[in-house]
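This report concerns only the one structure given below.
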Amino acid sequence: MSLLEGLNPAQREAVIAPSGPLLILAGPGSGKTRVITHRIANLIQREGVNPHRIMAVTFTNKAATEMKVRLSKLVGRDAEGLTVGTFHATCSRILRREADHIGLSPHFVIYDEDDQLSLVKSVLKELEIDEKRFSPRGCLSEISSAKSELRDPLQYSEFAQSYRQEVVARVYRRYQELLSQNGALDFDDLLATAVELFRTNPEVLERYQERYQHLLVDEFQDTNVAQYAFVRQLGGKHRNVCVVGDPDQSIYSWRSADIRNILNFEQDYPDLKVVLLEQNYRSTGTILEAAQGVISANTKRKSKKLWTENPRGGPIAIFEAYNEEEEASYVAREIEWLVSHGGHRLRDFSVMYRTNAQSRALEKAFRYYTIRYKLVGGVRFYERREVKDILAYLRLLQNPADGVALARVVNMPPRGIGDRTMAEIERIAEQRGISLFGAIRAAVSENGTAGKAAQLASRVRNSLAAFLEMMDGLLQEKSELGIEQLLDLALERTGYRAFVLDGTDEGRERWENVQELRTVAKEYEHLVPETAMDMFLEEATLMSDVDGLKEEEEGVTLITLHAAKGLEYPCVFIVGMEDGICPHSRSFDDPAAMEEERRLCYVGITRAMQRLWLVYATRRTLYGNMSYNEPSRFLADIPPGLADGNGAHAAGTARPSPLHVSSPGRRSPEPRSWPAPNGKKAQEIAPTPPRPRTSLPPPAPQPLATPRSAEPQFRPGDRVYHPAFGNGVVVSSQMQRGDEEVTVAFEQRGVKKLALSFAPLQRA
DNA sequence: CGAAAGGCTCTTTTT
DNA sequence: GAGCCTTTCG
């Protein structure tokens, strides 16, 4: 099969563009991943580039994995030689390999946000800075952005102007010292330290430049200064840097992503070739048009003209719910209806929201309606308390200098080493510049002797001695044990197993998570023993939300708008379409932030292939109390005629919710256009009449694909095609309540009964 | 020291 | 409404 088969002219151009800097501006659904993978395949197969010389960088492991899978299909075994990974993982691998050049232990651990926060807190305590005035979170985010911009503590303190910044500068300096003492790097360090390595070791950089003659970067609009510096360094020699991105989908500026990287890119590489991918293969014309309506209200953007050959599709549904519970049950019932009548499966659906807290009401409704769902984000597996505890034990065994890990587990389960004791230990560690572990050892061995380290009660001393002895025992045995065995032994010796299994259901659940971790650990046993533990701990830390998402698994996906970037679903609900939520209230006084909210909304809308629902509630409980929000201003930017404003789009939406007896039904049975042409806010256009206390009868579903008629369009024997089910033959067809119900025998999927107004059924 | 209870403050998004 | 921190009591 030709590599160029089935590509449009722009895609083809991007795939075969000659070596040299290349910027691919790719609109949503324009076949971006396809272009990257085909370009790599083209390099290997047509230009004879050794796969070892190609590096592709993504933002999530999931994107990396997907890319690898697709490449395996394209180039077979050659894919094995490629370097494909996230920025963080790629930098981490390089740093472990080259650690000795910058005085770093190759066994460094990676601190996630939890660990970072504990470290900042201990710094604040040590420097006697009031947490009330300088929140640990605030300090951390300041430090994080400094690192993302490659400013070390010294540079930061020079640049510091306000009192606040001066304080943060002191915290930053000490924080960095402690990281180093603990043998740890945080997320941001992975990038900044890699850049530093290359900057201070030209010969190392040259080796990597020589090796990686071709670089490809996905989601370039979300790179920060450090990531861009890394790309520039690596690509500095051969200049074969291909970056792919879409400024309209830049949604991570709060994590220091800088759209200006795209502009800088053009300046840094004057001979840059630019390819625009503007044809959308994903969404219906209606959805694409709505998306463009929303995004074009941003002032600071280059306008693109996206287009599609896809059918226009049905209208977008806009539904006003009474509160978040009705919102959730509306979503649940729509899905239920479409799954039983519309020929959709649960996995075709995704419900997207601005903040993770919004998933709660949805989960409740889904459980009530017994609809299976897959929750992305929320409390992740690797962030569960018991999982983090176990990982901390393993970290401590791998790297006894890791003070954050020690502080986490030293009294978990409780073993008589409380805050006061630890404060004393911390004092010793700080005083002597040694690790917490070393300080415990010192305290135990020196207590009561001349020049004693501390005055400890004998009970406390015994507790510490017991802990020390236990850890020393594990440390001695660890070299002979695999990860799994070490984990088992640690669970016993530390008493953690007995601690978790406390007889409650919750305890059993937590123990299952521990077992799950054990299963993951098993997968690392085939690795080289010296690095297996490092890899295991690293991957546990660098795992991202979407990485755990299994598309093939049945169930509705619940996901934040941020995490949904890069995904697509036949049917998408965006809930909480309210001013204050989407856009989030934090963006109200910042035009740039508001533009980002709009991009976020745009990202959400463009995830939808066939159907889109935008849902808002007139009131909802927010942070514990009731708030009343206006419909999102973004709704008013959807061009007129694309949406049904009463939520009538799909199923029996007006059925009373069994969850809430008092829940009112639909406001008005007749569809109204949304919004009014003058683009005023929804509420001003269509003032909401008081909602009736009883629900109205459900209106007949609105046909999307066909006009209503008394005669069935399909007859037994007709050959048909359905995007999800493939080819089939009509078995029977009859009119039901103004809708045509077609029974089709699909070649692959068996017999399905479809409602024609909802099933995208075509004649084949 | 540890468990339990009550009060406090915030919550955007995450590699 | 939840998680975090502080307080209180055994």
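Every chain is numbered from 1, with letters handed out A, B, ... down the list of sequences.
- A salt bridge links A:Arg260 and A:Asp258; the closest N-O separation between the charged side-chain nitrogens and carboxylate oxygens is under 4.0 Å.
- Salt-bridge check for A:Arg620 with A:Glu325: failed, with every basic side-chain N at 4.0 Å or more from each acidic carboxylate O.
- Ionic pairing of A:Arg427 and A:Glu424 is present here: one or more N-O contacts between side-chain nitrogen and carboxylate oxygen are shorter than 4.0 angstrom.
- In DNA chain B, consecutive stretches of 3 or more Watson-Crick or G-U wobble pairs with both distances under 3.5 Å are given as paired ranges: B:1-10 with C:1-10.
- Within the 4.5 Å cutoff, the side chain of A:Glu324 has no heavy atoms near those of the A:Gln358 side chain.
- A:Lys32 has a carboxylate O that lies under 4.0 Å from a charged side-chain N of A:Asp218, or vice versa, which qualifies the two as a salt bridge.
- Residue ring and base: A:Trp254 counts as stacked with B:dT13 (centre distance below 5.5 Å, interplanar angle below 30°).
- Position along DNA chain B of the nearest nucleotide to A:Arg137 versus A:Leu542 favours A:Arg137 as the more 5'-ward residue.
- When heavy atoms are screened at a 4.0 angstrom cut-off, A:Phe59 is found touching the sugar-phosphate backbone but no base atom.
- Toward the 5' end of DNA chain B, the nearer of the two residues A:Asp188 and A:Lys132, judged by each one's closest nucleotide, is A:Lys132.
- There is no side-chain donor-acceptor pair under 3.5 Å between A:Glu578 and A:Ser632.
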B/S/- contact track for nucleotides 1-6 of chain B, protein heavy atom under 4.0 Å: SSS---

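- With salt bridges taken as basic N to acidic carboxylate O contacts below 4.0 Å, none links A:Glu538 and A:Arg395.
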